[in-house]
Undergrad: 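Before I ask anything, here is the structure I am working with.
So you know, we letter chains A, B, ... as the sequences are listed, proteins then strands, and number each from 1.
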There are 2 protein chains.
Amino acid sequence: MCKNHTIIFTFVIMVQKMDMADFISNGFKQFIPQLSIDCTIFGYHENQLKVLLRSWKGVDGWCLPGGYIDRSESIEEAAHRILNERTGLTNVFLQQYYTFGDLRRLMNPGNEILLKSSWLYKDARGSWLGDRTISIGYYALIEFSKAVPKPDEFSKDCAWWDIQNLPVLLFDHEQMINKAINTIRTQLKYQPVGLNLLPNKFTLPELQKLYETILDRTIDRRNFQKKILSLGVLKRLDQRRKIGAHRSPSLFTFDKVKYKRALSESKGPGF
Amino acid sequence: MCKNHTIIFTFVIMVQKMDMADFISNGFKQFIPQLSIDCTIFGYHENQLKVLLRSWKGVDGWCLPGGYIDRSESIEEAAHRILNERTGLTNVFLQQYYTFGDLRRLMNPGNEILLKSSWLYKDARGSWLGDRTISIGYYALIEFSKAVPKPDEFSKDCAWWDIQNLPVLLFDHEQMINKAINTIRTQLKYQPVGLNLLPNKFTLPELQKLYETILDRTIDRRNFQKKILSLGVLKRLDQRRKIGAHRSPSLFTFDKVKYKRALSESKGPGF
DNA sequence: TAATATTGTGTGCCAATTACACAATGTACT
DNA sequence: AGTACATTGTGTAATTGGCACACAATATTA
């Protein structure tokens with residue numbers, strides 16, 4: 001009972017803070033009630049696939065950056081706006097992947113909060129607090145170094161987390177992340193995943209480790225290089241990376257024209 | 001100007017009718033505003049892939065069967081309910097595939113209706129008529145003979161249409177159908193498409209024509225049979241179909257246990 | 001009984017995937 | 001300087017899978 005009160009209370013705080021943050025950054029917007037967007041933002045750094053998460057002051061646990069949809073913007077535009085508010089980036093590779101609408105998706109596992117209880121609270125968007133909010137999931141692929149995590153003044157923190165070492169997540173956001181990973185895994189053949197996650201210059205072993213991380217399996221180094229190079233979407237540069245006491249690998253960059261042509265011919269960089 | 005008035009007027013009629021229909025079939029429900037579900041229902045009959053469409057009295061053009069989400073049901077449950085209201089079927093194979101949220105998705109192409117005009121009309125769900133409604137797209141695969149199209153009293157008609165010969169569609173519903181076809185095309189390898197679209201007993205040429213229709217290309221008959229049979233998901237029955245002046249093809253049925261096992265091993269019936 | 005259209009099965013070629021081996025390179029240590 | 005070592009770069013053979021193609025079996029009709 002006491003526990004439930006606490007959780008409801010943190011809900012109220014979060015909703016109020018989110019409204020305030022939205023208001024400050026966007027001015028007055030007429031948000032669609034009971035509908036939101038959550039972004040799973042992937043980055044890749046030091047051979048680790050990472051997601052950008054935020055936490056709230058006064059609330060334990062992390063969650064995906066998200067926001068609401070204004071009546072005057074498409075959901076695509078809303079997703080880009082939300083992403084920009086959080087990372088400062090524009091023109092990001094962003095894809096819708098699933099809409100989450102389970103009744104209990106905002107309940108933390110194990111907690112038995114009854115919906116429609118007397119604690120119901122109608123917030124500024126006309127949603128009933130405690131009502132289920134349906135959330136449209138987008139995933140973004142961004143170059144790690146370009147993103148500047150922007151914690152607003154209501155965030156406790158905003159940080160990158162390793163996919164293989166996630167913190168405790170609020171709501172159903174762990175499920176959302178898992179579904180996003182699964183999506184980029186199956187789309188690796190057909191979408192420019194490597195191009196969007198890696199920096200402009202990279203080595204073949206770096207590209208391979210990205211593939212291995214996403215696919216969660218090892219790939220034979222020799223076969224990988226043979227196949228990737230045969231696709232003709234990479235340009236070998238006259239530079240090498242110094243990697244300590246070993247042979248220096250060549251740096252490559254994506255030939256974006258050829259990459260797009262290969263994708264449109266559905267000859268993507270698959271494995 | 002006059003044309004715009006007419007279109008707005010048909011909108012009003014449709015919304016009112018939809019509310020009424022929902023009310024009659026469901027009793028009072030607290031629908032989530034500005035959010036809907038549309039179902040692309042696929043059936044297969046006489047070597048043709050078909051979709052179930054409905055039309056409204058007093059409105060030209062056809063659209064996908066759809067409905068609203070109640071605050072007390074998950075979107076999955078809502079999709080099943082809507083499908084059941086339209087076809088009478090339960091336990092249908094149903095998959096979410098995309099959420100459509102363009103600002104102008106309810107506008108017919110070529111019409112320049114300004115949003116937020118003075119004609120705005122607030123309907124029973126708190127939506128502004130003329131506001132964009134976001135719609136979650138589901139596709140269903142059902143056995144043609146089991147579905148009984150159920151036009152309610154506000155429908156002009158409810159009928160199956162060949163994929164290759166669609167009527168004029170309202171809103172963005174042609175785009176929704178195309179995206180659904182594209183989805184089952186790419187998921188043919190990983191989802192039990194044949195199992196859900198075909199009747200219990202079928203011949204290999206019938207199965208092949210289904211694949212050819214969905215993939216929109218021809219497949220070599222001998223290679224198709226070899227590959228499909230090698231998957232081990234079919235059981236050959238001791239029966240043959242009479243097809244006139246030709247050799248009688250064997251009837252087959254799906255071995256559902258082996259089918260599911262093959263899917264989970266991602267060795268689906270691909271091409 | 002022959003003609004015809006359709007089903008059922010087999011064979012060989014080519015491309016792609018996979019398994020596996022060895023040479024080249026950059027640094028550190030002796 | 002020379003050797004040890006880990007890593008990169010390239011090659012080759014075996015296997016698998018997709019694709020093109022040929023022929024026998026079957027059911028009806030003329």
Undergrad: So, do B:Asn84 and B:His80 sit near enough that their side-chain heavy atoms are less than 4.5 Å apart?
TA: no
Undergrad: Under 4.0 Å, counting only non-hydrogen atoms across every strand here, what does A:Arg236 touch: a base, just sugar-phosphate, or nothing?
TA: sugar-phosphate
Undergrad: Decide salt bridge (Lys or Arg N to Asp or Glu O under 4.0 Å) for B:Glu77 and B:Arg81; before the verdict, give the C-alpha distance in whole Å, the side-chain angles of both, and the deciding distance to 0.1 Å.
TA: CA-CA 6 Å; B:Glu77 287 163 356; B:Arg81 173 180 54 76; over 6 Å; no
Undergrad: Give me the distances for all protein-to-nucleotides 14-17 of chain D N/O pairs that come in under 3.5 Å?
TA:
none

Undergrad: If you draw a 6.0 Å radius around NZ in A:Lys150, do more than 12 non-hydrogen atoms from other residues or ligands fall strictly inside?
TA: yes
Undergrad: Let me know the distance between CG of B:Leu207 and C1' of C:dT7, rounded to the nearest Å.
TA: 15 Å
Undergrad: Nearest whole angstrom, please: distance from the P of C:dA19 to the NZ of A:Lys226.
TA: 11 Å
Undergrad: Between P on C:dT7 and CZ on B:Phe224, what's the gap in Å once rounded to a whole number?
TA: 12 Å
Undergrad: Is there a donor-acceptor pair under 3.5 Å between the side chain of B:Asp220 and the backbone N or O of B:Asn223?
TA: yes
Undergrad: Is a donor on one side and an acceptor on the other found under 3.5 Å between the side chain of B:Arg240 and the backbone of B:Ser248?
TA: yes
Undergrad: Using whole Å, report how far CG of A:Leu231 lies from C1' of C:dA15.
TA: 14 Å
Undergrad: Expressed as a whole number of angstroms, how long is the span from B:Tyr211:OH to D:dG18:P?
TA: 13 Å
Undergrad: Could you encode protein contacts along nucleotides 23-30 of chain C as a string, one character per nucleotide from 5' to 3', using B for base contact, S for sugar-phosphate-only contact and - for no contact, with a heavy-atom cut-off of under 4.0 Å?
TA: -BBBS---
Undergrad: Tabulate below the donor-acceptor pairs under 3.5 Å that side-chain atoms of residues 191-204 of chain B make, not counting sequence neighbours, or state none.
TA:
from	atom 1	to	atom 2	distance (Å)
B:Gln191	NE2	B:Gln95	OE1	3.4
B:Asn196	ND2	B:Pro192	O	2.7
B:Lys201	NZ	B:Gln239	OE1	2.9
B:Thr203	OG1	B:Glu206	N	3.2

Undergrad: Could you tell me the separation between the CD1 atom of B:Ile219 and the P atom of D:dA20, rounded to a whole number of Å?
TA: 12 Å
Undergrad: Looking only at side-chain N and O atoms, does A:Thr40 offer a donor or acceptor that is under 3.5 Å from a partner on A:Tyr97?
TA: yes
Undergrad: Measuring from atom CZ of B:Phe100 to atom CD1 of A:Ile136, what distance do you get when rounded to the nearest 0.5 angstrom?
TA: 11.5 Å
Undergrad: Would you check if the side chain of B:Gln208 reaches a backbone N or O of B:Gln225 as a donor-acceptor pair within less than 3.5 Å?
TA: no
Undergrad: Between the base of D:dA20 and the side chain of B:Arg222, is there a donor-acceptor distance below 3.5 Å?
TA: no
Undergrad: Checking all strands, does A:Thr203 fall into the base, sugar-phosphate, or nothing category for heavy-atom contacts under 4.0 angstrom?
TA: nothing
Undergrad: Which nucleotide in the list C:dG8, C:dC20, D:dG9 gets nearest to the side chain of A:Leu204?
TA: D:dG9
Undergrad: Would you mind reading off the distance between A:Asp220 atom CG and C:dA21 atom P, rounded to a whole angstrom?
TA: 11 Å
Undergrad: Just to confirm, is there a sub-4.0 Å distance from OP1 or OP2 of C:dG8 to any side-chain nitrogen or oxygen of B:Ser250?
TA: yes
Undergrad: Could you check how far CZ of A:Phe252 sits from C1' of D:dT8, rounded to whole Å?
TA: 11 Å
